[in-house]
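As the structure is a computational prediction, the values presented were derived from the model and not from experiment. Lettering follows sequence order; numbering is per chain, from 1.
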Amino acid sequence: MTNQQIAQIFNHIADILEIQGENVFKIRAYQKAAETIANFTGDISALSEKELAELPGIGKAIAQKTKELVETGKLKYYEDLKKSEYAPLVELLQIQSVGPKHARLLYDRLGVKSISDLEKAAKQEKIRKLAGMGEKTEENILKGISALRKHKERIPIGEILPRVEIIFAELEKLKETKQALIAGSLRRFKETIGDADILIASEKPKPIMDAFVKIPQVTRVLSQGETKSSVITKDGFQVDLRVVEAESFGAAAHYFTGSKAHNVKIRTMAVRKGIKVNEYGIFKGKRRIASRTEEEVYKSLGMQWMPPEMREDWGEIELALKHKIPALVELKDIKGDLQMHSTWSDGWNSIEEMAQDGIDCGYEYIAITDHSPTLGITRGLTEERVYKQIEEIRKINKKYKNFRILTGIEVDVRENGQLDLPNSVLKELDIVVASIHTKFNLPKEQMTTRIIKALENPVVDILGHPTGRLLGKREPFEVDMEKIIKAAKANKKVLELNGCPDRLDLTDIYLKQAREKGVKIAISTDSHKNLHLKEWMRYGVGMARRGWLEKKDVVNTLPLDKFLKFLATP
DNA sequence: GCCGTTTTCGGCCCGACTGTTTTCAGTCG
């Protein structure tokens, strides 16, 4: 049973308990445990009950339940809960404006058990007759149902960020705006986004709020207050805008950047010291001791400022207290891009066009890594075409002075772990990226062996998109990442962080694990169009920062000469 | 259900907005 599956069960338990009207702190305990498990970098199922109970937010009871789940594949407590008459109501919680109290009321009074029951009741105007509910509520429920149907999932960051930046630019240029920031999970560069948060400092919030709800992308206003408004855009995602005074900007930025877990921990810590933390500042009694900048806010709590990407309560608070926050890799540190495709296989642009965009990015090198023959649909390179492409690249390279196109390939790893082209050919290339594109559903052990075999092959430099996931489209294949990281370390191989926003693979928790083991990472865009080079690297770097990677952990921060030396060292 | 140089029991982060009420519960982040 995977960490994610276990976490999901505890979250489901929390939902059922919530509708049953259980103690809110008990509910929160299950949610916190689920979060710990989901973010755990190792295999939860490998831990003993004692080790489990040492994890934050997991005590005796949940440790024991986790063990039961891992060992028997079932949990009696959970099975019993699912039999509760209230269990089906969990579905209703997905609807905006419907919480546990309303779900219960709707069931107890109208027998509503599903979203379609709810829709029927709303259309028959039965909901408005319930105590504490009215016409507006009924209307909001119907809108909530249609919004849910339109957009169920969290959105990949690559889809949402550029759109939010357009809205942000509109607000930033208003004359009443003094300071502005995209906050929330977008600022933390989380791979998928639920909704967007924008923060503005201004002494005149009203005109900003008025402008916000009138932006052409807005189709529905969920709420509009003096300092806080929420809207839904035509693309179906929610944007929250918060306006504070400039004096509070740092405290508000901290608060609205989150994550929730990070904030809760900081507030809890502060409370013990008799300090109150809210979006307006850090308060000792009535006196505000910090608020204007984030640095000031952290400092007032005895902490060093830290990059937003780290704020997940993954140990960053402890580091900040010791003033040991690492200097994370930045976009400007990147000196080259190590995976991209040209018209030789399934790319849209010529090698020269790709190179030009590499130069425009300020890089010293790029690697052209077209596909290998197995992927017929991509017009993968045969042996003969590999040699031809090497020739072609040599010719093109003569045109450049301070820039180099590296010859390379993204070679397919076959089911048995062998590569799609012989080593005699592959060793002629500067860079060999080995990736899996077929047979995704092998059993975990077989997949792990397959990949390790590729990592043991001396011609391989980088393991491409190591888990094969496509956000919202394809789950990562089953593989023992701990073993892969070990094998990469043992064979001195690089793991790719594929920055294509649909992939972002490796993901943060594995990057953090790889970093701890001293495995190097290549941040690549896997561009199939020249424009992607410029657009996608920031997502890769964002994810790298979420994995706490520093410049030294990322091979393509090396200047060309050092990078070539790195490749040449066995 | 978890947790502890203030506690092994009694706490558990904090505030805005809405809708339906006339002072606040529910929802959300």
Exercise for the section: To the nearest Å, give me how far apart NZ (A:K260) and C1' (B:dC12) are. Expected result: 13 Å
Practice task
Tell me what A:I13 touches on the nucleic acid: a base, only sugar-phosphate, or nothing, going by heavy atoms under 4.0 Å.
Solution key: nothing
Handout entry: Of the listed nucleotides B:dC13, B:dG15, B:dG19, the one nearest the side chain of A:K228
Key = B:dG15
Completion exercise
Testing B:dG1, B:dG15, B:dC17 for proximity to the side chain of A:T227, the answer is B:dC17
Exercise for the section: Remember a base hit wins even if backbone is also touched, and classify A:K265 as base, sugar-phosphate or nothing at under 4.0 Å, heavy atoms. Expected result: nothing
Exercise for the section: Among the candidates B:dT20, B:dC14, B:dC2, find the nucleotide nearest to the side-chain atoms of A:A29. Expected result: B:dC2
Problem - A:I208, A:V243, A:I167 screened by side chain to side chain contact (heavy atoms under 4.5 Å, CB included) with A:I198, the one that passes - result: A:I167
Fill in the blank from the handout: Whole-Å distance, A:E18 CD to B:dC28 C1', equals 11 Å
Completion exercise
Taking B:dT27, B:dC14, B:dG29 as options, the one with an atom nearest any side-chain atom of A:D195 is B:dG29
Practice task
Select base, sugar-phosphate, or nothing to describe what A:V24 touches, counting heavy atoms under 4.0 Å on all strands.
Solution key: nothing
Handout entry: Geometric cation-pi criterion A:R292 and A:F249, 6.0 Å radius, 45° cone
Key = no
Exercise for the section: Would you mind telling me which of B:dG26, B:dC17, B:dC13 lies closest to the side-chain atoms of A:R267? Expected result: B:dC13
Handout entry: Value in whole Å for how far the P atom of B:dT18 lies from CD of A:Q224
Key = 8 Å
Practice task
Name the closest nucleotide to the A:R242 side chain, picking from B:dG19, B:dA16, B:dC13.
Solution key: B:dA16
Exercise for the section: Quote, to the nearest angstrom, the C1' distance that separates B:dG15 from B:dG4. Expected result: 27 Å
Handout entry: Along DNA chain B (nearest heavy atom to each residue), the more 5'-positioned of A:Y255 and A:N263
Key = A:N263
Problem - Distance between C1' atoms of B:dC2 and B:dT8 (Å, rounded) - result: 12 Å
Practice task
Considering only atom P, compute the distance from B:dG26 to B:dT20 and round it to an integer number of Å.
Solution key: 14 Å
Exercise for the section: Consider the side chain of A:Y280, meaning its heavy atoms from C-beta on, and name the nucleotide among B:dG29, B:dG1, B:dG15 that approaches it most closely. Expected result: B:dG15
Practice task
Please determine if a side-chain N or O atom of A:S230 lies less than 4.0 Å away from the OP1 or OP2 oxygen of B:dC28.
Solution key: no
Practice task
Could you give the distance separating B:dT5 and B:dG1 at their C1' atoms, to the nearest angstrom?
Solution key: 24 Å
Problem - Counter-base of B:dG11, judged by Watson-Crick or G-U geometry with both distances under 3.5 Å - result: B:dC2
Problem - B:dT22 to B:dC17 separation - P atoms, rounded to the nearest Å - result: 23 Å
Fill in the blank from the handout: chi for B:dT22 classified (syn = within 90 degrees of 0, anti otherwise) as anti
Handout entry: Distance-only polar pair, side chains of A:S84 and A:Q20, donor-acceptor under 3.5 Å
Key = yes
Exercise for the section: Please report, rounded to the nearest Å, how far the C1' atom of B:dC14 is from the CE atom of A:M269. Expected result: 16 Å
Handout entry: Polar pair under 3.5 Å, donor/acceptor by atom type, side chain A:N23, base B:dG1
Key = yes
Problem - Rounded interatomic separation in angstrom, taking CG from A:L222 and P from B:dG26 - result: 21 Å
Exercise for the section: Report yes or no: do A:S97 and A:N140 form a side-chain donor-acceptor pair below 3.5 Å? Expected result: no
Exercise for the section: Starting at atom NZ of A:K136, determine the distance to atom P of B:dG19, rounded to an integer number of angstrom. Expected result: 4 Å
Completion exercise
Taking for A:P100 and for A:G134 the nucleotide of DNA chain B with the nearest heavy atom, the one nearer the 5' end belongs to A:G134
Handout entry: A:E191: which of A:R469, A:R503, A:R546 passes salt bridge (charged side-chain N to carboxylate O under 4.0 Å, His left out)
Key = A:R469
Handout entry: A:Y77 six-ring centre to A:K65 NZ/CZ under 6.0 Å and within 45° of normal
Key = yes
Exercise for the section: Rounded to whole angstrom, note down the C1' distance from B:dG11 over to B:dT6. Expected result: 12 Å
Problem - Whole-Å gap separating P (B:dG29) and CG (A:L93) - result: 13 Å
Practice task
Between B:dC14, B:dT18, B:dT20, spot the one nearest the side chain of A:N278, thanks.
Solution key: B:dC14
Problem - Residue pair A:Q96 / A:Q238, side-chain donor-acceptor N/O under 3.5 Å - result: yes
Exercise for the section: Rounded to the nearest angstrom, tell me the gap between atom CD in A:Q96 and atom C1' in B:dG19. Expected result: 15 Å
Practice task
Check the pair A:E165 / A:L161 against side chain to side chain contact (heavy atoms under 4.5 Å, CB included), numbers first and verdict last.
Solution key: CA-CA 6 Å; A:E165 282 171 336; A:L161 182 57; 3.8 Å; yes
Practice task
Provide the distance between the two C1' atoms, one in B:dC3 and one in B:dC13, to the nearest whole Å.
Solution key: 16 Å
Exercise for the section: Answer with base, sugar-phosphate or nothing: what part of the nucleic acid does A:I266 contact at a heavy-atom distance below 4.0 Å? Expected result: nothing
Handout entry: Nearest listed nucleotide, side chain of A:S223, among B:dC17, B:dG19, B:dC14
Key = B:dC17
Handout entry: Per A:R28 side chain, nearest of listed nucleotides B:dG29, B:dC12, B:dG19
Key = B:dC12
Exercise for the section: Using a heavy-atom cut-off of under 4.0 Å over every strand shown, decide if A:K273 touches base, sugar-phosphate, or nothing. Expected result: nothing
Practice task
Could you work out the separation of B:dT27 and B:dT21 based on their P atoms and round it to a whole Å?
Solution key: 15 Å
